[in-house]
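These numbers come from a predicted model, not from an experiment. Throughout, residue positions are numbered sequentially from 1 according to the sequence presented.
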Amino acid sequence: MSADKTVGDQKEGRQPRRLSLGLQRKADASASTGKARVISNAPTKKPVKTEVEEPEQKPREGNFLTRLPGDLREYIEGVRSELRKVTWPTREEAIRLTLIVIVALIVTALVLGAVVLLYTELFRIGLDSPVVLIAFMLIAAVVGVVINRSQNRPTGYRR
């Protein structure tokens, strides 16, 4: 019994697992020179055979102007086919979802407007008195560092 076999391998008579890091070398059975070939450990992807084979596409006849109407018709038929598959919301759902979007839009606009107003006033005051602007920038930098350190701390952190 080799050390590579596991208990399950011993019971079922399976081949032992190969433990290797990187590439393995196997002797090439077909070569009589005794040279080894390098085989990757990566799993090989085998193509999946489908039962339905796609028909060969025949070359399209005509020029751009004669093919255009047929292509447009085919496109519109495809769009109509997909639109028939859509589950449309009821009137009540559409109204409720529209109200949610409008309320979120208004709240976001108010918050962003307040931030812009605050910074506009701060820079107006800061241009008149640079000490205020520098103090605000230092405070914002310290708060940013503290927030960054608290969020990037590992979960198992202990002192």
Side-chain angles (χ1 to χ4, degrees), residues 1-29 35-54 57 68 71-159:
M1 236 188 292
S2 72
D4 290 343
K5 286 190 175 182
T6 62
V7 175
D9 292 337
Q10 293 170 2
K11 288 181 182 176
E12 298 175 19
R14 292 186 290 191
Q15 293 292 326
R17 292 187 220 169
R18 292 193 181 119
L19 302 175
S20 64
L21 301 174
L23 298 177
Q24 62 180 338
R25 295 183 179 267
K26 288 187 174 180
D28 191 356
K35 292 183 181 178
R37 62 185 172 120
V38 177
I39 299 175
S40 172
N41 284 339
T44 59
K45 294 183 179 180
K46 296 180 181 176
V48 179
K49 293 183 180 178
T50 58
E51 293 179 16
V52 180
E53 293 185 18
E54 298 199 20
Q57 292 185 358
L68 183 63
D71 289 346
L72 285 175
R73 183 180 47 80
E74 184 178 327
Y75 173 75
I76 292 171
E77 286 175 359
V79 169
R80 291 182 72 198
S81 169
E82 290 298 321
L83 285 176
R84 283 189 214 108
K85 297 176 189 175
V86 173
T87 304
W88 296 100
T90 62
R91 183 176 177 85
E92 292 79 26
E93 287 175 331
I95 291 172
R96 181 179 56 86
L97 293 172
T98 303
L99 288 175
I100 290 172
V101 169
I102 290 173
V103 167
L105 179 72
I106 291 171
V107 168
T108 304
L110 290 174
V111 168
L112 290 175
V115 168
V116 168
L117 179 66
L118 173 74
Y119 278 104
T120 301
E121 289 301 312
L122 179 68
F123 281 112
R124 188 183 57 77
I125 292 170
L127 291 175
D128 292 338
S129 173
V131 175
V132 174
L133 184 63
I134 292 171
F136 177 77
M137 290 176 135
L138 287 174
I139 291 170
V142 169
V143 168
V145 168
V146 169
I147 289 173
N148 188 21
R149 284 184 175 234
S150 67
Q151 290 179 349
N152 290 336
R153 183 173 291 163
T155 56
Y157 182 75
R158 294 177 191 206
R159 289 186 174 206

**Message:** Between Lys85 and Glu82, does the salt bridge (Lys or Arg N to Asp or Glu O under 4.0 Å) criterion hold? Intermediate values first, please.
**Reply:** CA-CA 5 Å; Lys85 297 176 189 175; Glu82 290 298 321; 3.3 Å; yes

**Item:** Leu68 side, atom CG; Leu72 side, atom CG - distance, nearest 0.5 Å
**Value:** 4.5 Å

**Exercise: identify the closest heavy-atom pair between Ser150 and Ile147** = OG-O, 2.9 Å

**Message:** With heavy-atom distances below 4.5 Å as the criterion, would you say the side chains of Leu97 and Val101 are in contact?
**Reply:** no

**Prompt:** Rounded to the nearest 0.5 Å, what separation is found between the CG atom of Leu122 and the CG atom of Leu127?
**Reply:** 9.5 Å

**Prompt:** From Leu110 CG over to Leu105 CG, what is the distance, rounded to the nearest 0.5 angstrom?
**Reply:** 9.5 Å

**Arg96 vs Glu92, salt bridge (Lys or Arg N to Asp or Glu O under 4.0 Å): CA-CA, chis, key distance, verdict** = CA-CA 6 Å; Arg96 181 179 56 86; Glu92 292 79 26; over 6 Å; no

**Message:** Around atom CZ of Arg84, are there more than 12 heavy atoms from other residues, nucleotides or ligands closer than 6.0 Å?
**Reply:** yes

**Message:** Tell me whether Glu74 at atom CD has more than 12 heavy atoms from other residues, nucleotides or ligands lying less than 6.0 Å away.
**Reply:** no

**Prompt:** Side chains of Val142 and Leu138: closer than 4.5 Å at any heavy-atom pair?
**Reply:** no

**Message:** Can you give me the closest heavy-atom contact between Pro89 and Ala94, atom names plus distance?
**Reply:** CB-N, 4.4 Å

**Test item: Thr120 side-chain N/O and Val116 main-chain N/O as donor-acceptor pair under 3.5 Å** = yes

**Request:** Can you measure from CD1 (Ile139) to CE (Met137) and round to the nearest 0.5 angstrom?
**Result:** 12.0 Å

**Asked** Do you know the tightest heavy-atom contact between Leu83 and Trp88?
**Response** O-NE1, 3.7 Å

